[in-house]
Protein chains: 2
Amino acid sequence: MARTAGSHSDITGPRIREAALRLFAKHGYAAVSMRRIASEVGVQAGALYNYIPDKQALLFSLLKGHMDELLEAWEAEPHPADPLARLEGFVRFHIRFTLRRAESIFISYMELRNLEPENFAQIEALRSRYEGLLEQILRDGQAAGQLSVPDTRIAAFALIGMLTGVNTWYREGGRLSEEEVAALYWDMARKAVGAG
Amino acid sequence: MARTAGSHSDITGPRIREAALRLFAKHGYAAVSMRRIASEVGVQAGALYNYIPDKQALLFSLLKGHMDELLEAWEAEPHPADPLARLEGFVRFHIRFTLRRAESIFISYMELRNLEPENFAQIEALRSRYEGLLEQILRDGQAAGQLSVPDTRIAAFALIGMLTGVNTWYREGGRLSEEEVAALYWDMARKAVGAG
DNA sequence: GCTTGATCTGAACGCACGTTCAGATAAACA
DNA sequence: TGTTTATCTGAACGTGCGTTCAGATCAAGC
């Protein structure tokens, strides 16, 4: 028994990442062994090391990939000139992302502390950039007189905290659709920043 | 070398809980060993088992203790008849608790998944009770016509998410005092639920 | 059909884990 | 002062960890 028929690098590689993402989200990085990930992929633990240098690099790669995808996806969104429309776009975008990439969002909040310092700093920088995007929208809206918050920085944190919170209660197939959730949160977010 | 002079049960016990809380919050339950906790207390790992049956029980005890303290502290607060005042009380109470018991709040969100099923169910029930308190306030406020939210349940989740988010950025001795943070969040929370 | 190279197995490495326990120690009490 | 008892040590247990690697296997190119 050795290599299973029909298995290839371009299949196993992604499957390792998918399995790791799912298991890390469910049990936590430290609680998931390489053997467990390998078994989920249908492979021996040693085979993982054809694809990743070590466990830490696997975690970092997942978090980095997530943040890159998040920022790129935001860039690809339409960015209306009107600050309030841009804010609505951000809220809806963030909700959508949070619901569709629930596991990625989850581990990128939970597993930060399991990153080695250099890795942590990199992810933290990307996160700050993302938070900065929202803060800039709020500043523009403030300057345009469309909204009023006492502190744009804190307001950005508050909004992101509020929006990201959906993944603590949202379950697919539940009472509310993604669109309904987005509408509810946009209503509250809009009011919260005084754009009644 | 055996028992260190002057050490007693009523000192070691709490110190174990304090060390475990701090270490779990910083590195995560699965990443912290019993030997590490013991060394923090200045004791050998075996000595821990004079105070707790096992590691899981230690985690559960910390989370249960936190939830009990949270609910009891809320009961001890004044509960004005006016729903809007009660909402303000809740927001300020939650911010205060989140800032002062940062580590407890942190692990009671992060380490839920490391609880065995029966333990998880217990903590989850207490958490639901706490969320229910806020939802009831929102319903009362709605009935009194003082605020307007499309969905009290979701609004409760959104507010708690927003408020709890402070512990992702707040650092003691930073730019804002606890009182200033509370004021900022109360301003946004009040507007968010349409009590402009 | 042979060779090559990518892919995987299976066993092994040293290490750290949670937990147990017999024995040592010192504080408390007679 | 002698005895008791709560408290802690230090070593040990079986287990599973992340990682390495020599050798087996199979797909592809000639």
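In the text below, chain A, chain B and the rest are named by the order of the sequence lines, each starting its count at 1. FYI, side chains are in, hydrogens and waters are out, and symmetry mates aren't considered; it's all heavy atoms of this structure.
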Show me the donor-acceptor pairs within less than 3.5 Å that the side chains of residues 127-134 of chain A make with the rest of the protein, sequence neighbours left out.
residue : atom : partner : partner atom : Å
R127(A) : NH2  : S108(A) : O            : 2.5
S128(A) : OG   : E124(A) : O            : 3.3
Y130(A) : OH   : H94(A)  : ND1          : 2.7

Tabulate below the donor-acceptor pairs under 3.5 Å that side-chain atoms of residues 18-30 of chain A make, not counting sequence neighbours, or state none.
residue : atom : partner : partner atom : Å
R22(A)  : NH1  : E40(A)  : OE2          : 2.9
Y29(A)  : OH   : Q56(A)  : N            : 3.3

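F97(B) carries R101(B) over the face of its six-membered ring, with the cationic atom under 6.0 Å from the centre and within 45° of the normal.
OP1 or OP2 of dC8(C) has at least one side-chain nitrogen or oxygen of T12(A) nearer than 4.0 Å.
Distances were taken from every side-chain heavy atom of M34(B) (C-beta onward) to each of dT9(C), dT19(C), dC8(D); the shortest belongs to dT19(C). Closest approach to the S33(A) side chain among dC8(D), dC17(D), dT9(D) is made by dC17(D) (side chain taken as heavy atoms from C-beta onward). Ranking dC8(C), dT19(C), dT20(D) by closeness to the Y49(A) side chain, first place goes to dT20(D). Among the nucleotides dC8(D), dC8(C), dT19(D), the one closest to the side chain of Y51(B) is dC8(D).
Taking OH of Y49(A) as the start and CD1 of I16(A) as the end, the distance is 10.5 Å to the nearest 0.5 Å.
Qualifying salt bridge (Lys or Arg N to Asp or Glu O under 4.0 Å) partners for E103(A), counting only residues two or more places apart in sequence or in other chains: none. Partners of A38(A) according to the side chain to side chain contact (heavy atoms under 4.5 Å, CB included) rule, which considers only residues two or more places apart in sequence or in another chain, are V43(A), A45(A), L48(A). Under the side chain to side chain contact (heavy atoms under 4.5 Å, CB included) criterion, S177(A) pairs with E179(A), E180(A), sequence neighbours left out. For K55(A), there are no salt bridge (Lys or Arg N to Asp or Glu O under 4.0 Å) partners two or more places apart in sequence or in a different chain.
Using a 4.0 Å heavy-atom distance criterion, V32(A) is classed as a sugar-phosphate-only contact.
The interatomic distance linking I11(A) (CD1) with dA27(D) (C1') rounds to 13 Å, in whole Å. The CD-P distance, from E116(A) to dG18(D), rounds to 14 Å in whole Å. Distance CG (L48(A)) to P (dT20(D)): 12 Å, rounded to an integer number of Å. Between the CD1 atom of I52(B) and the P atom of dG18(C) there is a distance of 10 Å, rounded to whole Å. The CG-P distance, from L23(A) to dG18(D), rounds to 12 Å in whole Å. Separating the NE2 atom of H27(B) from the P atom of dA16(C) is a distance of 16 Å, rounded to the nearest angstrom. Across the protein-nucleic acid pair, I37(B) atom CD1 and dT19(C) atom C1' stand 13 Å apart, rounded to whole Å. When the P atom of dC15(C) is taken as reference, atom CG of D54(A) falls 19 Å away, rounded to whole Å.
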Please list, pair by pair, any protein nitrogen or oxygen found under 3.5 Å from a nitrogen or oxygen in nucleotides 11-15 of chain D.
residue : atom : partner : partner atom : Å
dA12(D) : N6   : R35(B)  : NH2          : 3.3

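Remark on the helix from dG1(C)-dC30(D) to dA30(C)-dT1(D): inter-end axis angle 10°, axes from five-pair C1' superpositions, rounded to 10°.
Side-chain contact of D140(A) with Q146(A): a donor-acceptor pair under 3.5 Å is absent, judged by distance alone.
Two residues, P53(A) and Q44(B), neighbour DNA chain D, and the one matched to the more 5' nucleotide by heavy-atom proximity is Q44(B).
Sorted by first and then second residue, the salt bridge (charged side-chain N to carboxylate O under 4.0 Å, His left out) pairs involving residues 153-173 of chain B (not counting sequence neighbours) are E135(B)-R153(B).
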